[in-house]
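Have a look at the structure below before the remarks.
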Amino acid sequence: MAREDASNLREVKSRDGIAILLGTRPDEEVAGVADHVLLVPETIPELQPILSVVPLQMFAYHVAVRLGCDVDQPRISPSR
């Protein structure tokens, strides 16, 4: 699987993209291609998505703030 991931990351890099890797343990082949590596603790498979979503949400928040989005007033809100 790591070989396919490294190939996908190289494709992103060839299109001038920024590759950010989220994983539980460092993989030298894939990490060598990525611009940034975010590591989360390894746990049982049932809880892994919960641990993974926290850094992804923080990343999305900080990207939105840097882009000048008002994170306290989302564009789409339920109309009740």
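All values below come from the heavy atoms of this structure, side chains included, with hydrogens, waters and symmetry mates left out.
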| request: Scan for side-chain hydrogen bond (donor to acceptor under 3.5 Å, both in side chains) pairs involving residues 10-20, sequence neighbours excluded, and state none if there are none. | output: Glu11-Arg15, Lys13-Asp35
| Closest contact, heavy atoms only, Thr24 versus Pro41 | CG2-O, 4.3 Å
| Heavy-atom pair of closest approach, residues Val33 and Ala6 | CG1-O, 4.3 Å
Could you list the donor-acceptor pairs under 3.5 angstrom formed between side-chain atoms of residues 61-74 and any protein atom two or more places apart in sequence or on another chain?
from, atom 1, to, atom 2, distance (Å)
Asp70, OD1, Asp72, N, 3.2

| Joint cluster assignment, Ile18 & Leu9, ILVMFWY side-chain distance < 4.5 Å | no
| remark: Those residues at least two apart in sequence (or on a different chain) that pass side-chain contact (heavy atoms from CB on, under 4.5 Å) with Ile44 are Glu46, Leu47
| note | Sorted by chain and number, sequence neighbours left out, side-chain contact (heavy atoms from CB on, under 4.5 Å) with Leu38 holds for Ile20, Leu22
| For Gln48, all residues meeting side chain to side chain donor-acceptor pair (under 3.5 Å), sequence neighbours excluded | none
| query | Rest of the hydrophobic cluster containing Leu51 (Ile/Leu/Val/Met/Phe/Trp/Tyr, side-chain heavy atoms under 4.5 Å)? | reply | none
